[in-house]
Every structure is written in C-alpha cells, then in structure tokens.
**Student:** 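Quick one: structure below, then a few questions.
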Amino acid sequence: METTSVPFSARPHLCSFLALVLLYVVSSPCFASLFFDFYGASCPAAELIVSNKVRSASSSDPTIPGKLVRLVFHDCFVEGCDASVLLQGNGTERSDPGNRSLGGFQVIDSAKRNLEIFCPGTVSCADVVALAARDAVAISGGPQLQIPTGRRDGRVSAAANVRPNIIDTTFTMNEMISIFTAKGLSLEDLVVLSGAHTIGSAHCSAFRDRFQENSKGKLTLIDSSLDKNYANELTQRCPVDASDSVTVVNDPETSLSFDNQYYRNLVAHKGLFQSDSVLLDDNRTRNLVEDLANDQGRFFESWSQSFLKLTSIGVKTGEEGEIRQSCSMTNG
C-alpha cells in the first residue's frame with residue numbers, strides 16, 4: 001500500500017504544530033493521567049504488538065483501517081474512550097443497531113491476546129482501540145503520530161447511550177455541532193475529524209435518504225447538493241432491492257488512502273452522506289473545507305491535533321475502571 005508523506009512545503013509548520021500539541025497535552029485535564037510511552041517500563045513492546053497486528057490484518061483485508069478508525073469514534077463518543085463498545089451481551093453498546101455494522105473487533109482481540117501473553121493484566125483494551133486507529137491511519141498513508149496512553153477500561157456499556165451520542169449520517173450541522181461540543185470538540189475538530197471518511201465504506205441505507213423511489217421502482221435523486229453523475233453511480237451500486245450486505249466506499253477516488261481527497265470530493269459535490277455535504281454548504285465550515293481540499297499538509301497537521309483530542313474524551317485513569325483480561329467482557 002502506498003504511503004503519503006507530509007509535503008516539503010508543510011514541514012516548516014511542523015515545529016510550531018508540535019509545540020501546540022505538547023502544550024495541549026500538558027495543559028488539558030483530559031491528559032492529566034495519560035503519558036507518552038506509558039508502557040515503556042511495564043510492557044515496552046505494547047505499541048509494536050498492536051501496530052504489527054493492524055498491519056498484518058490490513059495486508060489481508062484492506063477494509064480493516066477504515067473499520068478501526070470508525071471503531072474509535074464509536075467508542076470515544078459513548079462513555080468516553082474506555083472500550084465500552086467492545087463489551088458483548090444483551091443491551092450493550094455493541095448490540096445497538098447503530099453499532100451492528102462496526103468491524104475490526106478481531107484485530108483488537110488478537111492484539112489483546114498477544115499482549116496478555118507478554119504483559120498480562122497491563123495494557124488496556126481502551127489503549128489498544130486508540131493505538132489501532134492511530135496505526136490504521138498511518139499505514140493508509142496518513143500522518144504518523146505519538147499518542148499518550150494509560151486509559152483504563154470501563155465497566156458500563158448500555159445500548160441506550162448510543163443514539164444520543166453518535167453522529168447520524170442524516171444530521172444537520174447544528175445537530176453535529178451539539179454533539180461535538182458536548183464532547184469538548186470544536187467546529188474545526190468536526191470538519192477535520194470528518195476527514196476520516198477518506199477511507200472506509202458504508203451500507204446503502206446510510207445515504208438512502210438522499211433518494212426516493214419512483215413509480216417504476218427506481219431511485220431518483222432528491223438532494224440537489226449531490227453531483228448527478230455521482231448519484232447515478234450510487235443508484236447503480238445500491239438499487240432499491242440491494243442486499244443489506246452491499247457497501248459503497250466513502251471516497252470514490254482514493255478509497256484506500258488516507259489523504260485530503262475527501263475534501264476535494266466535497267468541493268465537487270461528491271460527499272456520500274448528507275452530514276458530509278453540509279460541511280460545504282454551511283458558511284461556518286465552507287472555507288475550512290476548501291482550505292483542506294487544497295492543502296494536504298494542513299489536513300495532516302490538523303488531523304493529528306484533533307485525533308489527540310478525540311482519543312482523550314472521557315478517559316478513565318488511575319483507579320477508575322479496570323484492565324480487562326478479555327476485551328469482550330469485564331473481569332467479573
């Protein structure tokens with residue numbers, strides 16, 4: 001898989017960017033008990049073990065990176081970044097319809113099994129989820145970054161907490177802002193983190209609201225913000241009678257590369273979801289979308305900072321939570 005480096009023209013900005021990241025890490029209360037190289041003494045190979053599992057799984061299944069990135073969003077937005085989305089059982093987050101299409105669990109479980117062999121009871125599932133998403137971006141050509149670790153695993157996982165806390169693809173700008181603000185994320189974070197849609201795929205139902213069925217049983221476009229040719233491609237891939245298993249890549253141009261093509265697609269009116277298209281349509285975010293479409297280096301720098309904030313939401317540290325032995329169940 002090809003990798004994409006930060007353009008030379010963007011490198012003069014890296015020193016100031018890193019200074020900002022360090023300032024945020026030091027000053028943010030979310031990071032009060034998270035540290036870079038947290039496992040340096042207790043499990044020195046922890047990050048390498050996770051990275052190797054992500055790389056191995058992605059080499060045999062190129063859809064894995066997108067699944068791992070989506071997984072960290074669904075974990076952190078509900079109960080904070082505490083691996084609550086991994087817990088199995090009736091009434092858990094994982095059982096909610098909004099989470100049933102999540103994937104990548106086998107990668108997390110495999111990494112955790114290896115970690116338990118080399119460093120039993122040491123590395124949390126919450127850290128594995130965050131590290132795996134970080135690595136998924138990097139091996140797809142995105143920025144490579146260090147993130148602090150030391151998260152602990154939560155013991156609470158309730159399906160009822162999912163829908164009020166995750167973004168639906170039909171959301172308006174104000175609805176998305178409301179959820180992001182509640183998580184301590186800014187309007188810029190919303191635009192930047194939406195760039196995760198540069199990889200991954202979606203089921204037809206996720207954008208069906210942009211079409212309606214006509215009298216001949218065909219889907220017709222009712223959303224004028226969507227490019228007509230792109231809409232025709234979508235209806236061919238996802239006709240009325242499409243199986244529930246059919247998926248469409250989020251980025252029709254470079255679906256396996258983590259790059260700024262997502263924003264170029266938005267400018268070309270080829271955002272797959274309604275929640276994508278509103279980023280270009282809304283005056284509050286249009287300029288940033290256009291800037292990121294023209295400057296991949298800026299996107300990578302902004303992503304790195306916003307990802308740090310995402311993976312610090314509601315973290316449990318110190319004596320909170322636990323270090324699970326198995327990511328799919330609490331320790332009992």
Side-chain angles (χ1 to χ4, degrees), residues 63 66-67 69-70 73-74 77 96-103 162-180 187 189-290 292-293:
T63 69
K67 292 175 180 177
V69 172
R70 185 174 180 230
F73 276 85
H74 282 242
F77 268 53
D96 184 85
N99 281 338
R100 286 177 188 166
S101 61
L102 289 177
V162 174
R163 292 312 175 95
N165 287 288
I166 62 172
I167 301 295
D168 189 89
T169 55
T170 64
F171 272 11
T172 64
M173 178 63 75
N174 286 338
E175 288 174 318
M176 290 194 291
I177 289 175
S178 177
I179 288 184
F180 269 70
L187 186 61
D189 293 324
L190 192 165
V191 177
V192 171
L193 291 172
S194 293
H197 288 164
T198 188
I199 55 176
S201 60
H203 291 275
C204 300
S205 58
F207 53 89
R208 183 60 59 81
D209 61 298
R210 312 186 82 173
F211 301 87
Q212 70 178 9
E213 185 177 354
N214 63 21
S215 59
K216 298 180 179 180
K218 303 292 184 180
L219 292 177
T220 58
L221 181 65
I222 59 174
D223 186 340
S224 59
S225 67
L226 194 63
D227 177 81
K228 291 183 179 179
N229 290 330
Y230 180 49
N232 288 336
E233 293 175 12
L234 294 177
T235 55
Q236 290 175 15
R237 177 67 178 170
C238 291
V240 171
D241 58 352
S243 165
D244 291 340
S245 64
V246 174
T247 60
V248 172
V249 293
N250 295 339
D251 176 355
E253 304 297 331
T254 59
S255 62
L256 299 179
S257 296
F258 193 95
D259 52 26
N260 68 331
Q261 183 62 47
Y262 166 77
Y263 300 100
R264 296 179 185 180
N265 293 340
L266 293 189
V267 172
H269 301 283
K270 294 182 180 181
L272 182 60
F273 309 124
Q274 175 62 29
S275 56
D276 292 326
S277 295
V278 295
L279 298 179
L280 180 69
D281 297 339
D282 196 288
N283 291 331
R284 291 168 289 184
T285 52
R286 181 183 301 114
N287 288 342
L288 181 54
V289 167
E290 293 173 345
L292 296 176

**Student:** Does Leu234 reach the side chain of Phe211, with side-chain heavy atoms less than 4.5 Å apart?
**Tutor:** yes

**Student:** Which pair of heavy atoms, one from Pro252 and one from Tyr230, lies closest together, and at what distance?
**Tutor:** CG-CE1, 3.8 Å

**Student:** Assess whether side-chain hydrogen bond (donor to acceptor under 3.5 Å, both in side chains) is satisfied between Asp259 and Thr254, documenting all intermediate values.
**Tutor:** CA-CA 8 Å; Asp259 52 26; Thr254 59; 2.8 Å; yes

**Student:** What heavy-atom pair brings Pro164 and Ile179 nearest, and what distance separates the two atoms?
**Tutor:** O-CD1, 4.0 Å

**Student:** For Tyr263 and Gly195, indicate whether the former's side chain and the latter's backbone hold a donor-acceptor pair under 3.5 Å.
**Tutor:** yes

**Student:** State the CG-CG distance between Asp227 and Leu221, to the nearest 0.5 angstrom.
**Tutor:** 9.5 Å

**Student:** Would you kindly say whether Gln261 and Asn265 are connected by a side-chain donor-acceptor distance under 3.5 Å?
**Tutor:** yes

**Student:** Side chains of Pro97 and Arg100, heavy atoms from C-beta outward: is any pair under 4.5 Å?
**Tutor:** yes

**Student:** At their closest point, which heavy atom of Ala202 faces which heavy atom of Leu272, and how far apart are they?
**Tutor:** CB-CD2, 4.0 Å

**Student:** Drop me the distance from Asn232's CG to Leu219's CG, to the nearest 0.5 angstrom.
**Tutor:** 11.0 Å

**Student:** If we only count heavy atoms from C-beta on, is the Phe258 to Val69 side-chain gap below 4.5 Å?
**Tutor:** no

**Student:** Quick check against the 3.5 Å criterion: does Ser277 have a side-chain atom that pairs as donor or acceptor with the backbone of Gln274?
**Tutor:** no

**Student:** My understanding is that only one of Val192, Asn260, Val267, Leu266 makes a side-chain contact (heavy atoms from CB on, under 4.5 Å) with Leu292; could you say which?
**Tutor:** Val192

**Student:** Can you confirm whether Ile167 sits close enough to Phe273 that some side-chain heavy atom of one is under 4.5 Å from a side-chain heavy atom of the other?
**Tutor:** no

**Student:** Name the atoms and distances for all side-chain donor-acceptor pairs under 3.5 Å in residues 240-247, with sequence neighbours left out.
**Tutor:**
unit_1, atom_1, unit_2, atom_2, d
Ser243, OG, Ser245, N, 3.1
Ser243, OG, Ser245, OG, 2.9

**Student:** So, taking the atom named CG in Leu187 and the one named CG in Leu279, what distance separates them when rounded to the nearest 0.5 Å?
**Tutor:** 8.5 Å

**Student:** Out of curiosity, Asp209 CG to Ile222 CD1, how far, rounded to the nearest 0.5 Å?
**Tutor:** 7.5 Å

**Student:** What residues, two or more places apart in sequence or in another chain, satisfy ring-ring contact (aromatic ring centres under 6.0 Å, His included) together with Phe73?
**Tutor:** none

**Student:** When you measure from the side chain of Thr220 to the backbone N and O of Gln212, does any donor-acceptor pair fall under 3.5 Å?
**Tutor:** yes

**Student:** Kindly write out the residues that satisfy salt bridge (charged side-chain N to carboxylate O under 4.0 Å, His left out) with Arg163, not counting sequence neighbours, or none if the list is empty.
**Tutor:** Asp96

**Student:** Could you tell me which non-hydrogen atom of Leu102 sits nearest to which non-hydrogen atom of His74, and how far apart they are?
**Tutor:** CD2-CG, 3.8 Å

**Student:** Apply side chain to side chain contact (heavy atoms under 4.5 Å, CB included) to Asn283 and list each qualifying residue two or more places apart in sequence or on a separate chain.
**Tutor:** Arg286

**Student:** How far does OG of Ser255 sit from CD1 of Ile199, to the nearest 0.5 angstrom?
**Tutor:** 10.0 Å

**Student:** Met173 versus Arg284: any side-chain heavy-atom pair under 4.5 Å?
**Tutor:** yes

**Student:** What pairs with Asp276 under salt bridge (charged side-chain N to carboxylate O under 4.0 Å, His left out), at least two apart in sequence or on another chain?
**Tutor:** none

**Student:** With a 3.5 Å distance limit and no angle check, can you tell me whether Thr169 reaches the backbone of Ala206 through a side-chain donor-acceptor pair?
**Tutor:** yes

**Student:** Establish, from distance only, whether the side-chain atoms of Thr172 and Asn174 form a donor-acceptor pair under 3.5 Å.
**Tutor:** no

**Student:** Please tell me if the side chains of Phe207 and Val248 come closer than 4.5 Å, counting only heavy atoms from C-beta onward.
**Tutor:** yes

**Student:** Just so I know, are the side chains of Ser201 and Thr63 near enough to count as touching, which here means a heavy-atom distance under 4.5 Å?
**Tutor:** no

**Student:** What is the minimum heavy-atom distance between Phe171 and Met176, and which atoms define it?
**Tutor:** CB-CG, 3.7 Å

**Student:** Determine whether Thr235 and Lys218 make a side-chain contact, defined as any pair of heavy atoms from C-beta on separated by less than 4.5 Å.
**Tutor:** no

**Student:** Please find the pair of heavy atoms, one from Arg210 and one from Ser225, that lie closest to each other, and give the distance.
**Tutor:** NH2-OG, 3.2 Å

**Student:** Arg208: what forms a salt bridge (charged side-chain N to carboxylate O under 4.0 Å, His left out) with it, not counting sequence neighbours?
**Tutor:** none

